[in-house]
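For reference, the structure is listed below as structure tokens.
Below, chain A is the first sequence line, B the second, and so on; all start at residue 1. Keep in mind it's a predicted model, so treat the numbers as computed, not measured.
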Amino acid sequence: MLDIKMLREDPQYVAEQLKRRKFEFDVDQFQQLDQTRKEAQTRTEALQAERNAKSKEIGQAKAQGKDVQAVIQQMSVVNDKLKKNEVLLADVQQQLQDILYQLPNLLDASVPNGLDEANNVEVSRWGEPSEFDFEAQDHVALGEKRGWMDFKTAAKISGSRFVVLRGPLARMQRALIDFMLDIHTKEHGYTEVYVPNLVNSDSLFGTGQLPKFAEDQFRVMGEQDLWLIPTAEVPVTNFMRGEVVSGKELPLKFVAHTPCFRSEAGSYGKDTRGMIRQHQFEKVEMVQIVKPEESFDALEVIRSNAETILQRLGIAYRVVVLCAGDTGFCSAKTYDLEVWLPGQKKYREISSCSNLVDFQARRMDAKYRDADGHLQYVHTLNGSGLAVGRTLIAVMENYQDAEGHIHVPEALQPYMGGVKVL
RNA sequence: GGAGAGGUGGCCGAGUGGCCGAAGGCGCUCCCCUGCUAAGGGAGUAUGGGGGAAUACUCCAUCGAGGGUUCGAAUCCCUCCCUCUCCGCCA
């Protein structure tokens with residue numbers, strides 16, 4: 001969420017900035033509401049002050065054995081007024097809050113303009129897209145032919161957008177998770193964490209999935225307030241919710257492997273073939289909690305940490321910076337890594353690395369004490385390192401041969417018990 | 001699932017209706033003393049919001065969350081959440 005002070009001081013600026021996202025912020029409506037709020041708050045607080053003073057009076061008078069009936073009479077009038085004002089104030093504050101919660105983050109100045117993914121800007125490329133002297137197959141053809149990728153059984157037991165992996169592919173997915181976690185913990189300085197895969201709505205609010213994106217989540221039936229996580233970002237970033245840490249403890253760097261669950265509401269008909277877009281997929285996620293002045297450097301580091309995985313696997317990719325219209329609700333700036341998929345002859349997203357600056361920290365009240373002893377919001381970042389299901393696809397498609405065998409990338413072989421070809 | 005105890009400031013911990021935003025201790029910051037990796041003395045030390053030029057002052061809110069009783073609630077009542085102990089069950 002944005003700083004309400006900034007909204008009050010310079011709503012025009014916020015409105016202009018949000019226009020880059022094609023988000024319309026109604027300045028007049030906001031200012032009117034805030035004016036109402038201010039009046040209601042002033043009145044309410046004056047009445048509260050009066051109530052407090054009179055109550056104190058009563059206490060003292062009683063102690064001296066004086067009669068307090070007259071003052072108590074006056075109080076009932078004050079209390080009536082107070083109740084009315086409190087109700088009004090709560091209502092206005094609720095309205096302001098609703099507006100505030102719907103406002104996306106301000107974009108960093110370096111984010112390019114543009115409406116949708118067509119306007120994302122490529123910033124770098126690594127490797128050469130694989131060339132084959134035969135017709136490259138996609139992962140579905142490769143996987144189903146050997147009986148290792150089974151959408152039919154998954155559909156029977158769960159429905160569409162699920163998969164069953166068997167034998168070597170199940171093993172390779174596990175190997176990829178292990179491989180990624182090893183690199184991030186041993187070489188990049190992240191602490192591995194194991195976290196709940198069900199979270200409460202406060203956590204989803206903290207990272208920005210609620211209230212606006214409830215329909216993208218899976219909610220658990222029953223008494224309890226629990227939702228399946230759409231990404232490990234939710235439980236891990238929420239470590240910080242309501243916490244104050246000392247500046248010395250920053251940066252905090254966590255990496256977690258979790259399954260991720262997404263309803264994919266609104267993506268009907270999109271990527272219906274194969275494992276690209278599933279309701280459930282594995283992901284290794286990096287999260288950093290840093291000081292404000294360090295967050296944009298940290299974003300570059302997270303991006304390179306994600307790149308390392310693809311480089312070690314020897315798979316071509318490119319990096320794009322998302323344009324204004326494609327950048328997520330909470331993010332100030334996002335890089336996507338797009339991996340080359342020979343089966344589609346396209347680069348497809350395999351990682352998303354974002355700097356949320358203080359947007360999530362405000363929502364979850366996550367602060368640190370700086371060198372001067374002042375409290376400040378931390379900055380939060382996250383990046384996929386990487387989406388494991390899509391990495392599996394990328395390995396399959398880029399390392400296939402004419403017979404439909406899949407060669408295991410050298411870096412992954414130790415994690416596959418030395419097996420070189422599937 | 002059964003029985004009980006509890007959730008207070010960075011931490012520990014007192015506080016059962018007004019003089020409590022909250023004793024005391026620890027920690028931390030500054031000053032004094034001390035010729036030494038110690039001890040002692042003094043002062044300060046929650047967060048958010050309103051007014052204000054103000055890190056002066058002042059008002060409001062906050063003692064797990066939300067309701068209620070009351071002129072007045074950290075303190076009484078209700079609901080919920082969480083933690084701990086014992087028993088049962090269990091991957």
Opposite nucleotide pairing with [N], Watson-Crick or G-U, both atom distances under 3.5 Å:
{"N": "B:G4", "result": "B:C84"}
{"N": "B:U75", "result": "none"}
{"N": "B:A61", "result": "B:U47"}
{"N": "B:G10", "result": "B:C26"}

**Asked** Would A:Tyr377 and A:Tyr368 satisfy ring-ring contact (aromatic ring centres under 6.0 Å, His included), going step by step from the backbone distance to the final call?
**Response** CA-CA 6 Å; A:Tyr377 288 110; A:Tyr368 81 103; 9.9 Å; no

Run the salt bridge (charged side-chain N to carboxylate O under 4.0 Å, His left out) test against [X] and tell me which residues pass, sequence neighbours left out.
{"X": "A:Glu243", "result": "none"}
{"X": "A:Asp358", "result": "A:Arg362"}
{"X": "A:Glu349", "result": "none"}

Per-pair distances, 0.1 Å, donor-acceptor, side chain in residues 250-260 of chain A, under 3.5 Å, sequence neighbours excluded:
{"residue": "A:Lys253", "atom": "NZ", "partner": "A:His188", "partner atom": "O", "Å": "2.8"}
{"residue": "A:His257", "atom": "NE2", "partner": "A:Glu282", "partner atom": "OE1", "Å": "2.6"}

**Message:** Would you say that A:Met396 contacts A:Asp138 through its side chain, given a criterion of any heavy-atom pair below 4.5 Å between the two side chains?
**Reply:** no

**Prompt:** Any side-chain heavy atom of A:Ile302 sitting closer than 4.5 Å to one from A:Tyr335?
**Reply:** no

Please tabulate, for side-chain N and O atoms in residues 204-220 of chain A, each donor-acceptor pair with protein atoms closer than 3.5 Å (sequence neighbours left out).
{"residue": "A:Thr207", "atom": "OG1", "partner": "A:Ser203", "partner atom": "O", "Å": "3.1"}
{"residue": "A:Thr207", "atom": "OG1", "partner": "A:Gln209", "partner atom": "OE1", "Å": "2.7"}
{"residue": "A:Lys212", "atom": "NZ", "partner": "A:Gln102", "partner atom": "O", "Å": "3.2"}
{"residue": "A:Gln217", "atom": "NE2", "partner": "A:Phe213", "partner atom": "O", "Å": "3.3"}

**Request:** With a 4.0 Å heavy-atom cut-off, tell me which residues in residues 237-251 of chain A come close to RNA chain B, sorted by residue number.
**Result:** none

**Prompt:** Near RNA chain B, under 4.0 Å by heavy atom, which residues of residues 91-104 of chain A?
**Reply:** none

**Message:** Checking the side chain of A:Arg312 only, and the main-chain atoms of A:Phe179 only, is there a donor and an acceptor separated by less than 3.5 Å?
**Reply:** no

Please tabulate, one pair per line, all N/O donor-acceptor pairs under 3.5 Å involving side-chain atoms of residues 412-422 of chain A, not counting sequence neighbours.
{"residue": "A:Gln413", "atom": "NE2", "partner": "A:Val408", "partner atom": "O", "Å": "3.0"}
{"residue": "A:Tyr415", "atom": "OH", "partner": "A:Asp182", "partner atom": "OD2", "Å": "2.7"}

**Contacts of type side chain to side chain contact (heavy atoms under 4.5 Å, CB included), residue A:Ala155, not counting sequence neighbours** = none

Could you run down the sub-3.5 Å N/O contacts of the protein with nucleotides 48-50 of chain B?
{"residue": "B:G48", "atom": "OP1", "partner": "A:Lys367", "partner atom": "NZ", "Å": "3.4"}
{"residue": "B:G49", "atom": "O2'", "partner": "A:Gln41", "partner atom": "NE2", "Å": "2.9"}
{"residue": "B:G49", "atom": "N2", "partner": "A:Glu45", "partner atom": "OE1", "Å": "3.3"}
{"residue": "B:G50", "atom": "OP1", "partner": "A:Arg8", "partner atom": "NH1", "Å": "3.3"}

**Complete:** Given protein heavy atoms under 4.0 Å, the one-letter contact record of nucleotides 69-81 of chain B, with B base, S sugar-phosphate only and - none, is simply --BS---------

Give me, pair by pair, the N or O atoms of the protein and of nucleotides 63-68 of chain B that are less than 3.5 Å apart, along with how far apart they are.
none

**Asked** What pair of heavy atoms forms the shortest contact from A:Val357 to A:Ser295, and how long is it?
**Response** CG1-OG, 4.2 Å

**Donor + acceptor pair across side chains of A:Gln360, A:Thr380 (<3.5 Å)** = yes

**Message:** Quick check on B:C60: is either OP1 or OP2 less than 4.0 Å from any side-chain nitrogen or oxygen of A:Asn52?
**Reply:** yes

